[in-house]
Novice: 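Before I ask anything, let me first share the structure, which is written out below as structure tokens.
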Amino acid sequence: MKIKVIVGDIAKIETDAIIVNFFEGTEHLDGDIANIDKALAGAITQLISQGEIKGKLNEITVIHSLGRLPSARVVVAGLGKEQELSQDRVRGAAASACRLLKQKGMDNIATIAQGAGIAGISLESAAQVVTEGALLGVYSFRKHITKEAEHGEIKQLIIVTADETKLPIVEQGCHRGRILAEATNLARDMVNEPANYMTPSRMAETAKGLAQSYGLELNILERQQMQELGMGALLGVTQGSQQPPKFIVLNYKGSDSGEIDVALVGKGITFDSGGISIKPSEGMSEMKGDMAGGAAVMAAISAIAQVKPQINVTAIVPATENLPSSSALKPGDILTAMSGKTIEIISTDAEGRLTLADALGYAKKLSAKLMVDVATLTGACRVALGDICSGAFGNNQELIDKVIAAGNEAGEHIWQMPMYEDYKEQNKSDVADVKNVGGKYAGAITGAQFLSEFVGDTPWVHLDIAGTSMSEKERNYLIKGATGVPVRTLVNLVLSLANSKGGEA
Ligand code: BES
Ligand code: MN
Ligand code: ZN
């Protein structure tokens with residue numbers, strides 16, 4: 001979908017449909033919607049008085065203009081109560097409207113920067129979130145469906161601004177929104193792709209493509225280099241699979257300090273069968289998405305490379321399958337991580353933390369100043385927070401707060417979980433330094449505590465996205481399947497870190 005910003009009057013533009021908004025409880029129409037209502041001989045006012053248009057959030061009403069306006073249809077998108085408006089509601093409303101118009105086969109549509117100037121939303125942010133909502137809302141994954149779709153794609157969305165002097169601001173917002181949404185959709189594509197396509201090698205190839213497109217530096221470590229580095233924990237997980245593991249490192253250099261300001265580490269299990277501690281067959285296909293953290297950090301760094309903040313970022317993805325075989329890791333085995341710590345394997349299904357132990361160890365070895373890891377780590381986190389919030393765990397409150405704030409801006413909810421030292425007790429082993437499962441209770445926390453063993457004093461946040469990486473149903477700008485969480489959070493975080501460093505994004 002092409003997105004174009006133009007100066008003009010939305011009532012005068014000729015498209016298949018124009019989108020305007022309406023707040024719940026509004027008594028008098030003014031501005032664009034009032035002009036349009038007048039042109040439509042009061043059709044909108046009538047629908048309001050008849051109760052068909054209430055302005056409820058995500059309510060969509062389509063009115064045919066029958067030649068009274070240059071555009072064939074007017075879409076009235078409900079934005080809920082004006083005082084409750086948020087950027088995320090605008091994203092959702094834009095998504096609902098665009099999705100419906102796509103289903104109706106529209107090619108060319110127009111909107112204004114919905115919500116601008118209301119509830120503290122700037123014009124630039126409004127343009128950004130409308131763009132994000134539109135691109136995220138019309139996303140679909142049909143790559144493997146040979147039958148042609150019933151409806152095509154919307155070819156063009158025009159964002160109309162009445163004030164010529166504001167054009168650059170709207171364009172800037174639209175540009176940022178496009179980068180963020182496209183990166184999110186890239187992560188969605190990677191996660192939706194089945195495991196026979198999205199193998200560790202394919203992830204590495206994807207990284208190569210991103211490096212070429214966006215000027216990132218790429219380094220892929222093969223099994224032999226993992227062995228040389230002593231990545232025993234990661235290698236233990238790779239043991240049962242025929243697919244060669246890939247340790248993917250992408251560098252974005254926005255400053256010449258030579259230091260890595262932020263390492264983004266993502267879990268990259270391209271399929272998690274559980275290994276010898278095999279999972280029940282029901283729902284196992286979901287585990288093709290166990291590389292969602294890896295996809296998110298790859299997509300985020302590609303967006304960062306387009307925004308070009310003055311900061312150095314490294315994305316790290318230890319990519320492998322977790323499968324049973326006669327050479328697979330076994331319960332009871334003891335592995336030695338790169339840091340030298342030994343790990344007793346209780347369950348081969350607690351594999352993500354093993355791969356991350358060495359990926360975090362590698363980030364530490366590179367002297368990264370901050371680390372954020374993203375992982376579909378525990379079913380327990382999904383049980384605790386559902387598909388609404390990702391769990392945040394860490395050793396540095398300031399960084400945790402920044403991650404949560406970045407999430408709020410993105411409309412990606414993040415809830416902090418406790419990290420009391422007392423939980424560490426559960427990970428103690430009788431035969432090694434730690435064990436990889438901390439028992440039945442507090443599973444998301446003991447998983448995070450396990451990771452903390454490999455982090456040391458480096459400020460670190462762990463995001464458990466086991467519940468949020470996939471959506472079971474369509475919701476606002478999410479579609480069924482991969483959500484692309486937390487790509488936009490990570491980009492916002494890096495931009496805010498770059499700003500507080502003094503570099504301008
Ligand atoms: N990939 C899973 C976690 C997961 C579960 C992600 C559901 C998405 C949806 C992870 O590797 C896993 O198997 N975790 C185990 C840990 C346990 C053995 C300590 C779990 O949550 O059951
Ligand atoms: Mn597992
Ligand atoms: Zn897993």
Side-chain angles (χ1 to χ4, degrees), residues 10 17-34 36-37 43-63 73-104 106 109-123 125-139 154 157 159 173 177 180-181 184 386-389 407-414 468 471-480 483-485 488:
I10 189 149
I18 54 176
I19 305 167
V20 290
N21 59 259
F22 182 69
F23 289 105
E24 193 177 340
T26 307
E27 307 223 325
H28 298 287
L29 297 181
D30 54 24
D32 289 326
I33 194 167
I36 290 165
D37 183 49
I44 299 176
T45 321
Q46 192 175 47
L47 288 165
I48 294 168
S49 65
Q50 289 170 347
E52 198 171 323
I53 295 180
K54 293 195 175 69
K56 293 231 181 275
L57 188 60
N58 294 332
E59 167 197 279
I60 308 278
T61 312
V62 182
I63 305 165
R73 295 165 194 82
V74 174
V75 175
V76 182
L79 283 182
K81 297 208 173 81
E82 187 167 342
Q83 62 276 21
E84 288 172 9
L85 190 70
S86 65
Q87 290 187 25
D88 211 42
R89 287 190 165 193
V90 177
R91 260 186 213 105
S96 307
C98 291
R99 189 150 47 211
L100 181 81
L101 293 173
K102 174 181 158 176
Q103 277 157 14
K104 289 188 179 293
M106 309 289 104
I109 65 176
T111 181
I112 51 165
Q114 317 277 353
I118 299 161
I121 303 174
S122 69
L123 180 60
S125 298
Q128 178 183 327
V129 294
V130 164
T131 307
E132 280 178 36
L135 289 168
L136 295 172
V138 300
Y139 172 85
I154 297 173
L157 169 68
I159 301 181
L180 287 165
T184 306
D387 63 2
I388 306 296
C389 289
N408 280 339
E409 210 186 309
E412 296 178 329
H413 300 308
I414 297 169
T468 51
S471 178
E472 280 178 0
K473 52 182 187 326
E474 199 177 283
R475 175 162 56 87
N476 299 327
Y477 48 86
L478 301 184
I479 43 108
K480 189 177 173 200
T483 59
V485 166
R488 291 173 304 115

Novice: Can you tell if the side chain of I10 reaches within under 4.5 Å of the side chain of I36, non-hydrogen atoms only?
Specialist: yes
Novice: Quick one: do D88 and V129 satisfy side chain to side chain contact (heavy atoms under 4.5 Å, CB included)? Show the steps, please.
Specialist: CA-CA 7 Å; D88 211 42; V129 294; over 6 Å; no
Novice: Rounded to the nearest 0.5 Å, how far does OG1 of T45 lie from NE2 of H28?
Specialist: 11.0 Å
Novice: Taking only residues two or more places apart in sequence, or in another chain, which ones meet S122 in a side-chain hydrogen bond (donor to acceptor under 3.5 Å, both in side chains)?
Specialist: S125
Novice: If you compare all heavy atoms of A134 against all heavy atoms of L157, which two are closest, and at what distance to 0.1 Å?
Specialist: CB-CD2, 3.7 Å
Novice: So V62 and K104, do their side chains get closer than 4.5 Å, heavy atoms only?
Specialist: yes
Novice: If the condition is side chain to side chain contact (heavy atoms under 4.5 Å, CB included), which residues does A94 pass it with, not counting sequence neighbours?
Specialist: V130
Novice: So which pairs with a foot in residues 128-138 pass side-chain hydrogen bond (donor to acceptor under 3.5 Å, both in side chains), sequence neighbours left out?
Specialist: R91-E132, Q128-E132, E132-R488
Novice: How would you list, by chain and number, every residue that makes a side chain to side chain contact (heavy atoms under 4.5 Å, CB included) with A17, sequence neighbours excluded?
Specialist: R73, V75, L101, I109
Novice: Please report the closest heavy-atom contact between A113 and A127, naming both atoms and the distance.
Specialist: CB-N, 4.0 Å
Novice: Any chance you could measure E472, atom CD, to L478, atom CG, to the nearest 0.5 Å?
Specialist: 12.5 Å
Novice: What residues, two or more places apart in sequence or in another chain, satisfy side-chain hydrogen bond (donor to acceptor under 3.5 Å, both in side chains) together with E474?
Specialist: R99
Novice: Search all heavy atoms of A126 against all heavy atoms of G115 and return the closest pair with its distance.
Specialist: CB-C, 4.3 Å
Novice: Quick one: does I44's side chain get under 4.5 Å of L29's, heavy atoms only?
Specialist: yes
Novice: Decide yes or no for F22 and I48: does some side-chain heavy atom of the first lie under 4.5 Å from some side-chain heavy atom of the second?
Specialist: yes
Novice: What is the minimum heavy-atom distance between C98 and I19, and which atoms define it?
Specialist: SG-CD1, 4.4 Å
Novice: Would you say the side-chain atoms of S471 pair up with the backbone N or O of K473, donor to acceptor, closer than 3.5 Å?
Specialist: yes
Novice: For Q83, enumerate each residue passing the side chain to side chain contact (heavy atoms under 4.5 Å, CB included) test, keeping only those at least two apart in sequence or located in another chain.
Specialist: K81
Novice: I need the Q87 CD to I121 CD1 distance, nearest 0.5 Å.
Specialist: 5.5 Å
Novice: Apply side chain to side chain contact (heavy atoms under 4.5 Å, CB included) to N21 and list each qualifying residue two or more places apart in sequence or on a separate chain.
Specialist: F23, L79, I112, Q114
Novice: Identify every side-chain donor-acceptor pair in residues 51-58 under 3.5 Å, counting partners at least two apart or on other chains, and give the distances.
Specialist:
unit_1: K54; atom_1: NZ; unit_2: G51; atom_2: O; d: 3.0
unit_1: K56; atom_1: NZ; unit_2: E24; atom_2: OE2; d: 3.0
unit_1: N58; atom_1: OD1; unit_2: S96; atom_2: OG; d: 3.4
unit_1: N58; atom_1: ND2; unit_2: N476; atom_2: OD1; d: 2.9

Novice: Residues two or more places apart in sequence or in another chain: which of them pass side-chain hydrogen bond (donor to acceptor under 3.5 Å, both in side chains) with S86?
Specialist: none
Novice: Just so I know, are the side chains of I63 and V76 near enough to count as touching, which here means a heavy-atom distance under 4.5 Å?
Specialist: yes
Novice: Ignoring hydrogens and geometry beyond distance, is a side-chain donor-acceptor pair present between D387 and T468 at under 3.5 Å?
Specialist: no
Novice: Looking only at heavy atoms, which two atoms of Y477 and G411 are closest? And how far apart?
Specialist: OH-O, 3.3 Å
Novice: Taking atom CD of Q50 as the centre, does the number of heavy atoms from other residues, nucleotides or ligands within less than 6.0 Å exceed 12?
Specialist: yes
Novice: Show the nearest heavy-atom pair for residues L136 and A181, with the distance to one decimal.
Specialist: CD2-O, 3.9 Å
Novice: Evaluate the criterion side chain to side chain contact (heavy atoms under 4.5 Å, CB included) for residue pair L100 and K102; output intermediate values, then yes/no.
Specialist: CA-CA 5 Å; L100 181 81; K102 174 181 158 176; over 6 Å; no
